[in-house]
Amino acid sequence: MKTPIRPVYLDLVRLHLPLPGWVSILHRVSGVLLFLALPVGAWALSASLASEAGFGQVVAAAASPAGKVLALGLVWAALFHFLAGLRHLAMDAHWGVHRVPARRSSLAVVTASTVLTLALAGCLFT
């Protein structure tokens, strides 16, 4: 009996993905981050609407350095997920499915989400 042929490149550290592959993976990661942030957002909304003291706690948590970094990470996730989602919708309509346009649209998603996040970071940390 023959042994099944196994893939040779199972080392995930050496795996080389093109930029569109990374954008696809990061689109999923940003979606998971946004989903996992939903309970925290629901708690913050509930606490801020429950009482004046709860509102103060939420404002204090959001004004802390850790709260600002968390907010900035969620802003990046939302922007990246939105822009990558638009890119995937365009690809579903067969726009930019070839190698060069796919690479350009991936670079546009990464660049635009980074620039917009840095612009909002300037507003958040000043």
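- The minimum heavy-atom distance linking Pro39 with Leu36 is given by the pair CD-O, 3.2 Å.
- Here the CG-SG distance, from Leu118 to Cys123, works out to 11.5 Å after rounding to the nearest 0.5 Å.
- Judged purely by atom type and a 3.5 angstrom limit, Ser106 uses its side chain to pair as donor or acceptor with the backbone of Ala102.
- Minimum interatomic distance between Met91 and Gly96 (heavy atoms only, all atoms of both residues): CG-O, 4.1 Å.
- The shortest non-hydrogen separation linking Ala84 to Val109 is N-CG1, 3.9 Å.
- The shortest distance between side-chain heavy atoms of Thr114 and Leu79 does not fall below 4.5 Å.
- Both Leu107 and Leu83 are assigned to one and the same hydrophobic cluster, defined by single-linkage of ILVMFWY side chains at heavy-atom distances under 4.5 Å.
- Applying the ring-ring contact (aromatic ring centres under 6.0 Å, His included) definition to pairs two or more places apart or across chains, those involving residues 82-126 are His27-His88.
- When hydrophobic clusters are built by joining Ile, Leu, Val, Met, Phe, Trp and Tyr residues whose side-chain heavy atoms come closer than 4.5 Å, directly or via intermediates, Leu124 is grouped together with Val69.
- Residues Leu26 and Val110 share a hydrophobic cluster, clusters being chains of Ile/Leu/Val/Met/Phe/Trp/Tyr side chains in contact below 4.5 Å.
- Proximity of Phe80 to Val23: side-chain heavy atoms (C-beta onward) are separated by under 4.5 Å at one or more points.
- One hydrophobic cluster holds both Leu86 and Leu19 under the rule that ILVMFWY side chains link at heavy-atom gaps under 4.5 Å.
- Minimum heavy-atom separation, Leu34 to Ala77: CD1-O, 3.9 Å.
- Hydrophobic clustering, with ILVMFWY side chains joined whenever heavy atoms are under 4.5 angstrom apart, keeps Trp22 apart from Val32.
- Considering every non-hydrogen atom in both Ser30 and Trp76, the closest pair reads CB-CZ3, 4.3 Å.
- The two residues Arg87 and Pro20 come nearest to each other via the heavy atoms NH2-CB, 3.5 Å.
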